[in-house]
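Everything on this sheet refers to the single structure shown next.
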Amino acid sequence: MSISKTYQPKEAEDKWYSYWLQHKFFRSVPDEREPYTIVMPPPNVTGVLHMGHMLNNTIQDVLIRRARMQGKNACWVPGTDHASIATEAKVVAMLKERGIAKKDLSREAFLSYAWEWKEKYGGIILDQLKKLGASCDWDRTRFTMDEELSDAVIETFIHLYKKGSIYRGVRMVNWDPQGKTAVSDEEVIRKEVNQKLYYIKYQISGEDSYLTIATTRPETIMADAAICINPNDERYLHLHGKNAIIPLINREIPIILDEYVTMDFGTGCLKVTPAHDLNDYELGIKHNLPVIDILNDDGTLNEKAQILVGVDRFVARKKIAPLLEEAGSLEKVEDYKSQIGFSERTDAVIEPKLSMQWFCKMDQLAKPALDYVLDGEIKLIPEKFTNTYRHWMENVKDWCISRQLWWGQQIPAWYLPNGQYVIAKTNAEALEEAKKISPDNTNLTDADLLQDEDVLDTWFSSWLWPISVFDGFKDPDNADINYYYPTNDLVTAPEILFFWVARMIMAGHEFRGKLPFENVYLTGIVRDKQGRKMSKSLGNSPDPIELIEKFGADGVRVGMLLCSPAGNDLMFDESYCEQGRNFANKIWNAFKLIKGWDIDENLSNPNKIAIEWFDSRFNQALTEIEDNFKQYRLSEALMATYKLVWDDYCAWYLEMIKPVYQQPIDKETYTATVSFFENILKILHPFMPFITEELWHDELFGERSERDCCIVAQLLKNGEINTQLLTATESVKQVVTQIRNVRNSKQISPKETLQLTVKSSGNINYDTYGSIISKLGNVTELTSVDDKISGAVSFMVGTDEFFIPMEETIDPAIECERLKKEKEYLDGFLQSVNAKLSNERFMNNAKPDIIDNELKKKADAEAKLKIIEENLTALAC
RNA sequence: GGGAGUUUAGCUCAGCUGGUUCAGAGCAUCUGCCUUACAAGCAGAGGGUCACUGGUUCGAACCCAGUAACUCCCA
């Protein structure tokens, strides 16, 4: 049988993923084992897999697979999010292509199109995740608009309303004129934009003088309600108590005084437009100013503007400048940079707009949610996010939860003909409630009640996710929720710490009295090499599926993890995936080597030390890896594994025990080596599930039953670590390296054998390790002497001296130079050590073990110096 | 404008409670190798004023203050 020269991922991936599915290895049902649970941050139904998902889900899969192999009942719940605004926008666009306008459709008709769209595209990401190897319990896949989850949303709304936490009110909201809906503060992205600052002259009423205001939004002057100046501004004392006249429309407005105005910004005169600016709105309330809203929902000007009616706000801005110019009211225009809010979903410029919305009070919900984190019951990883979290939670504003959309859970508010409203789940219940609050209205029928048109913010469903996926609302005491909740780890992006994580903690506390998860692992943002965020519009993001095809899923997983320290952004580059692919190949080739050996039962085992050494080294690495996992340092856990496999196992161990070409190996070594390899497959599995499963089933490891799979193999407990053996072997490795170095510098082929002589100081028993040195250094004869050998290349390892006789003569001058350099170094070293030891304050203040260490350093250095000095004398230099 | 964070090798990052002359890893680079597991590889090697300036200390990449640059969050 011939084994391919390199690892071919494609076939193994398809084969084993379906094998796992078929044998239900991802399936989790409550049992007596300890649960380990992750709920997947549900991706949007509108999305396609991007690098952020790849990173996020690789991490979750590593955690879940490891837990599974630790004997825990691992449950990873997948699902998707309905993403009201984004999805509705997609559906509207799709309908437009088919020549259908949303406004011509009934709500029901529109929703059926939306569902059709969701069925068609909504599962794409989840399918793509399978290619990555995600071991989710797919039977538990949920969608935020599933019936049970929607019910939970409605009931939650009713509960919070009854508690007084939800109210309806007119507020300045972030209006998305393209999505025609309000969005929350968190959904507004601020960007610095080049704008113009228009200086506009307003005539003072009854006078022939003017004042000048500076604004970036000249199209809103028609909505002005006042001009505000700082009462301390001496330039404008003459304006106190007067009125100004808005140009073009000639409406008279008062000049008011408020210290809010910054005197040195613009002209020091501020136009106050309560309907179209948040700060102006507050100023308006304070000064009892009228609110004049001149914009329609789609961002065009309405008849209140009197001019430019029906024109879009940005077109109006362009058109009004010449009008003002003509009227002699435009003083000048300057370039100006400022922050502008954009809708996260549609990228439209956000319009501050007054409207009637539903709000959820945050103060009471925020307090306990903050405490969980401050008390350390919930850990944010890395810790630095705790500060950000606290800052946000302490300054949290009420949450605008209504959206002027159809796709989502419709708000369970029902309006009576008289304008009163009741909150109820169904029309029938609403009718009952309505009769209660409106006793005069006994002949109300359900047809008289109109349900609120709006739907709830998507986050108002996803904040319930860790509870609702286990039906914790429908059936609060069911076996699943009792077993899986609180979940263990949440892996998500820091961008949605407030949107989502904070609110889940609130919901967890409010509805279950318990935190929803114990650890929040915040991943970085995937950026390209130049540090730009990867995005579709920039076109700088590789297609994850193509990456998988190119490097294999294991390779890509390794690549993602190699460059992803927790919480730090990662500068992604394909070369990391290449490194991952190469690693898979290395493992493949180690397998090929072992696979090719024949066993001779009659041979005795010459490799006892090597085996013992690797056993210790393996256990040492296990400890490191475990420690890294405990601290969620996944990239370091992977690196520790990588080095164990590549360096220790392949480069050292296999070379130590490898039989001469086409010679058989002894049984004992073979068994140990195969067993090591199997253990290595286990620790590799969470990172590289496919290649490990593929190799696991090779006959090299004997017969396997159908369910004996790497994915469910149990990780080993840490065994003993023989530190003495480990340090001795380190020295032995150094000897080998030195020999190779000599070969390199003298251009001696590895094939040419050498003689090696050691003058040992007795720290290492070369009878024991000699065979390893001989084999790896290609040394025929290793002899021990008590005296130096002349005419040989020499080197030192620790305080042992080694000699390799050379036919060509050694240049004493070069040798002298080398020795002198080393002596210089050691002298300096010794001096610094002695300086410490003779320093009274050091001796008084330093801990005893540190002093001991210094003494040991001194002794070592002195011993080495002695040898070097002897050598120098011998060479007479 | 307010708050947080970052700055260590060409790149990406470790460096826990100051204590080896402490400066480390992977990748990249350079040199030599087609040595029958692996050129997607093997064997070696060279890379750094730990952003800057002061301070504390017997001792500072690490603690403190200030400066600079960058990033993020909030307004």
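Model, not experiment: these values are computed from the prediction. Throughout, protein chains are lettered first and strands after them, A, B, ... in sequence-line order, and every chain is numbered starting at 1.
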Return the value, rounded to whole Å, for the distance between atom [atom1] of [X] and atom [atom2] of [N].
X        : N     : atom1 : atom2 : answer
A:Glu578 : B:U12 : CD    : P     : 18 Å
A:Leu837 : B:C58 : CG    : P     : 17 Å
A:Phe829 : B:G19 : CZ    : P     : 15 Å
A:Tyr825 : B:A23 : OH    : P     : 8 Å
A:Asn585 : B:C42 : CG    : P     : 10 Å
A:Leu562 : B:A25 : CG    : C1'   : 11 Å
A:Trp597 : B:C38 : CH2   : P     : 13 Å
A:Asn741 : B:G32 : CG    : P     : 15 Å

Would A:Arg617 count as a cation-pi partner of A:Trp646, with NZ or CZ less than 6.0 Å from the six-membered ring centre and within 45° of the ring normal?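 A:Arg617 over A:Trp646 ring: no.
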Among the candidates [options], find the nucleotide nearest to the side-chain atoms of [X].
X        : options             : value
A:His391 : B:U35, B:C74, B:A37 : B:C74
A:Glu636 : B:A14, B:G41, B:G26 : B:A14
A:Lys5   : B:A39, B:A75, B:G26 : B:A39
A:Asn582 : B:G26, B:A43, B:G41 : B:G41
A:Lys836 : B:U21, B:C58, B:G44 : B:U21
A:Asn744 : B:G44, B:A40, B:C74 : B:G44
A:Arg581 : B:A40, B:C58, B:U21 : B:A40
A:Lys384 : B:C38, B:C27, B:G5  : B:G5
A:Trp646 : B:G44, B:C42, B:A37 : B:C42
A:Pro750 : B:G26, B:A37, B:U35 : B:U35

Using OP1 and OP2 only, check whether a side-chain N or O of [X] sits under 4.0 Å from [N].
X        : N     : value
A:Tyr661 : B:A37 : no
A:Lys643 : B:A25 : no
A:Ser575 : B:C11 : no
A:Arg633 : B:G15 : yes
A:Ser832 : B:U21 : yes
A:Arg740 : B:G44 : yes
A:Lys397 : B:A75 : yes

Expressed in whole Å, how much space separates the [atom1] atoms belonging to [N] and [M]?
N     : M     : atom1 : result
B:C11 : B:A28 : C1'   : 7 Å
B:A60 : B:G18 : C1'   : 6 Å
B:C74 : B:A9  : P     : 31 Å
B:U12 : B:U20 : P     : 28 Å
B:U49 : B:G54 : C1'   : 16 Å
B:C13 : B:A61 : C1'   : 15 Å
B:U6  : B:G15 : P     : 11 Å
B:A65 : B:C22 : C1'   : 26 Å

Measuring from A:Thr673:OG1 to A:Asn607:CG, what's the distance to the nearest 0.5 Å?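 It comes to 7.5 Å.
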First locate atom CG of A:Leu497, then atom CD1 of A:Ile505, and finally report the distance between them rounded to the nearest 0.5 Å.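 Answer rounded to 0.5 Å: 7.5 Å.
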Suppose we call two aromatic rings close when their centres sit under 6.0 Å apart. Are A:Tyr649 and A:Tyr653 close by that rule?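 Ring centres of A:Tyr653 and A:Tyr649 closer than 6.0 Å.
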Looking across every strand, which nucleic acid part, if any, lies under 4.0 Å from [X] by heavy atom: base, sugar-phosphate, or nothing?
X        : value
A:Phe591 : nothing
A:Glu655 : base
A:Ser749 : nothing

With distance as the sole criterion, do the side chain of A:Lys586 and the base of B:C38 form a donor-acceptor contact below 3.5 Å?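 Present.
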Report yes or no: is there a donor-acceptor pair, N or O only, under 3.5 Å between the side chain of A:Gln579 and the base of B:A28?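 Check fails, no donor-acceptor contact within cut-off.
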Chi angles and distances behind the side-chain hydrogen bond (donor to acceptor under 3.5 Å, both in side chains) call for A:Asp827, A:Gln831: CA-CA 6 Å; A:Asp827 279 336; A:Gln831 210 174 355; over 6 Å; no
As a test of understanding, state which of A:Tyr7, A:Phe690, A:Phe583 forms a ring pair (Phe, Tyr, Trp, His ring centres under 6.0 Å) with A:Trp588.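 The residue from A:Tyr7, A:Phe690, A:Phe583 that satisfies ring pair (Phe, Tyr, Trp, His ring centres under 6.0 Å) with A:Trp588 turns out to be A:Tyr7.
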Find which nucleotide of RNA chain B each of A:Leu654 and A:Ala651 is nearest to by heavy atoms, and output the residue with the more 5' nucleotide.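 It is A:Leu654 whose nearest nucleotide is closer to the 5' end.
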A:Val833 or A:Gln631: which one's nearest nucleotide on RNA chain B is closer to the 5' end?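 This one resolves to A:Gln631.
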Are side-chain heavy atoms of [X] and [Y] found at a separation under 4.5 Å?
X        : Y        : value
A:Glu13  : A:Glu549 : no
A:Leu837 : A:Asn839 : no
A:Asn230 : A:Asp258 : no

Identified stems (criterion: three or more consecutive Watson-Crick or G-U pairs, under 3.5 Å), RNA chain B: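 Stems found: B:1-7 with B:68-74, B:10-13 with B:24-27, B:29-33 with B:41-45, B:51-55 with B:63-67.
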Syn or anti for B:G47, given that syn means the glycosidic angle lies within 90° of 0?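 Here the answer is syn: the torsion falls within 90° of 0.
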Residues, nucleotides or ligands: over 12 heavy atoms within 6.0 Å of A:Glu394 CD: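 Yes.
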Let me see the working for A:Phe572 and A:Leu55 under side-chain contact (heavy atoms from CB on, under 4.5 Å), right down to the final yes or no. CA-CA 10 Å; A:Phe572 180 80; A:Leu55 172 67; over 6 Å; no
